[in-house]
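Labels below follow one simple rule: chain letters A, B, ... track the order of the sequence lines, proteins then strands, and each chain is numbered from 1.
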Number of protein chains: 2
Amino acid sequence: MDVAIPQGSADALTIAVEQLVRHVRLSATTGGLSSAASFVLSRLAREGPQRLTELARAEGVSQPNMSQLVNRLERGDLVRRTADHSDGRGVLVEVTDTGVEVFLRRRAERALALQQLIDELTEQEQHAVAVALPALARVIEDRRPPRS
Amino acid sequence: MDVAIPQGSADALTIAVEQLVRHVRLSATTGGLSSAASFVLSRLAREGPQRLTELARAEGVSQPNMSQLVNRLERGDLVRRTADHSDGRGVLVEVTDTGVEVFLRRRAERALALQQLIDELTEQEQHAVAVALPALARVIEDRRPPRS
DNA sequence: GCTTATGCATAGGTGCATTATGGACTTCCG
DNA sequence: CGGAAGTCCATAATGCACCTATGCATAAGC
């Protein structure tokens, strides 16, 4: 069975990405805030209260999933459900002060962990990372156009 | 609430990483082989049959988790449990032909998806990605030293 | 005002992770 | 040799993150 991986190939990069993904997910446990939860808090902090369905679409997950996620966040006093006065069906999700605080702390922790990784790279590699990661994030963002 | 992100900072890179993580996880569903499963198949294909505990340690997950994961893989005919004749307690996990095939197909799919992202980058950014991702994978690998 | 569409919650299922626990086997040592 | 200790693995119970299917409530259309 030939599973060898040519250096620098798309396969090699794929494996590197998966390694990175796994590392982030495993180290994410510390701090008690999952990746999904962090994304939601980040969005709410950036853009203010939002409709639940809006959140689900923006995060690319199903509406029931977002309902559950908001439930968990609500249990931890990180977000709050409020009524939408302009639409009796709607629910506005709003980040709490605690939520902002926890989110910022977690983001700092993650940044520190990433920095520790980056510190072990050569200078050239560090520069490559500073270019590559935002570039990838950019095309990922562009790829999910707001299907309003 | 100030959640602004300075360009190029560790925070910005952290967010880029999380974007990448989310993208991979969302696109991972297609193909029916999770990240964890893929890692195990990859290792078994590369290194041959291994002890369950060995796998768990190598992948950095708990032993019960690996038990369950092997159960699921076994259900899908992707791996096989065999007895370790030199140790009655042990279980050797072995990838099946189907497992290798499925794994290779999935890896090709992921590589294609990544390639599509990379194709949208500038040439300079592409070069940065080719340097940065393997470098990060390397330091992540180094960071999990074999605590025998 | 009735029908249709939308927003959300709930139920039920899967996968991935954890800790706690127990059974089977090996190993070590007296 | 035989009992104690350690190792390997499985199971149980729990939590999060995802899904589809379904149903209720409200809004919007005719």
With respect to the phosphate group of C:dC8, does any side-chain polar atom (N or O) of A:Arg51 fall under 4.0 Å of OP1 or OP2?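 Yes, such a contact exists.
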
Taking only N and O in the side chain of B:Ser67, is any of them less than 4.0 Å away from OP1 or OP2 of D:dC9?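 For D:dC9, OP1/OP2 do not have a side-chain N/O of B:Ser67 under 4.0 Å.
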
Determine, using the 4.5 Å side-chain heavy-atom cutoff (strictly less than), whether B:Leu20 and A:Val131 are members of one ILVMFWY cluster.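 In one cluster with B:Leu20: A:Val131, no.
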
Checking contacts here: which listed nucleotide ([options]) is nearest the side-chain heavy atoms of [X]?
X       : options                : answer
B:Asn65 : C:dC8, C:dA17, C:dT10  : C:dA17
B:Leu52 : D:dC16, D:dC9, C:dA9   : D:dC9
A:Thr53 : C:dT18, C:dC8, D:dA10  : C:dC8
A:Val61 : C:dT10, C:dG15, D:dC18 : D:dC18
B:Ala36 : C:dA9, C:dA20, C:dA17  : C:dA17

Rounded to whole Å, please give me the gap between [atom1] in [X] and [atom2] in [N].
X       : N      : atom1 : atom2 : result
A:Met66 : D:dC19 : CE    : C1'   : 14 Å
B:Gln63 : C:dT21 : CD    : P     : 15 Å
B:Leu92 : D:dC9  : CG    : C1'   : 13 Å
A:Gln50 : C:dC8  : CD    : C1'   : 16 Å
B:Gln68 : D:dA10 : CD    : P     : 11 Å
A:Leu69 : D:dC19 : CG    : P     : 11 Å
B:Leu55 : C:dA17 : CG    : P     : 13 Å
A:Asp84 : D:dA25 : CG    : P     : 19 Å

Regarding [X] and [Y], does a basic nitrogen lie under 4.0 Å from an acidic carboxylate oxygen?
X        : Y       : result
B:Asp84  : B:Arg89 : no
B:Arg106 : A:Glu18 : yes
A:Glu74  : A:Arg80 : no

How far apart are the C-alpha atoms of B:Glu94 and B:Arg81, what are their side-chain angles, what is the distance that settles it, and do they pass the salt bridge (Lys or Arg N to Asp or Glu O under 4.0 Å) test? CA-CA 6 Å; B:Glu94 186 180 3; B:Arg81 275 183 170 89; over 6 Å; no

Run the side-chain contact (heavy atoms from CB on, under 4.5 Å) test on A:Val93 and A:Leu73 for me, step by step, so that the C-alpha distance in whole Å, both residues' side-chain angles and the decisive distance to 0.1 Å come before the verdict. CA-CA 10 Å; A:Val93 184; A:Leu73 290 172; over 6 Å; no

Provide a list of protein-nucleic acid N or O atom pairs under 3.5 angstrom, restricted to nucleotides 26-30 of chain D.
unit_1 : atom_1 : unit_2  : atom_2 : d
D:dA27 : OP1    : A:Gly88 : N      : 2.7
D:dA27 : O4'    : A:Arg89 : NE     : 3.4
D:dA27 : O4'    : A:Arg89 : NH1    : 3.4

For side chain to side chain donor-acceptor pair (under 3.5 Å), just list the numbers for A:Thr14 and B:Arg107, CA-CA rounded to whole Å, side-chain angles, deciding distance to a tenth of an Å, and then say yes or no. CA-CA 8 Å; A:Thr14 303; B:Arg107 196 169 74 180; over 6 Å; no

Mind running a 4.0 Å heavy-atom check of residues 73-80 of chain B against DNA chain D and sending the residues that fall below it, in number order?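 By residue number: none to list.
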
With B:Met66 as reference, evaluate B:Val40, B:Asn71, B:Thr53 under the side chain to side chain contact (heavy atoms under 4.5 Å, CB included) test and give the passing residue.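 So the option named by the test is B:Val40.
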
Count the heavy atoms of every other residue, nucleotide or ligand shown that sit under 6.0 Å from CD of B:Gln124, and state whether that count exceeds 12.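 Counting neighbours around CD of B:Gln124, 12 or fewer heavy atoms of other residues, nucleotides or ligands fall under 6.0 Å, so no.
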
Carefully, step by step, assess A:Leu33 and A:Arg105 under the rule side-chain contact (heavy atoms from CB on, under 4.5 Å). CA-CA 10 Å; A:Leu33 201 53; A:Arg105 191 172 55 224; over 6 Å; no

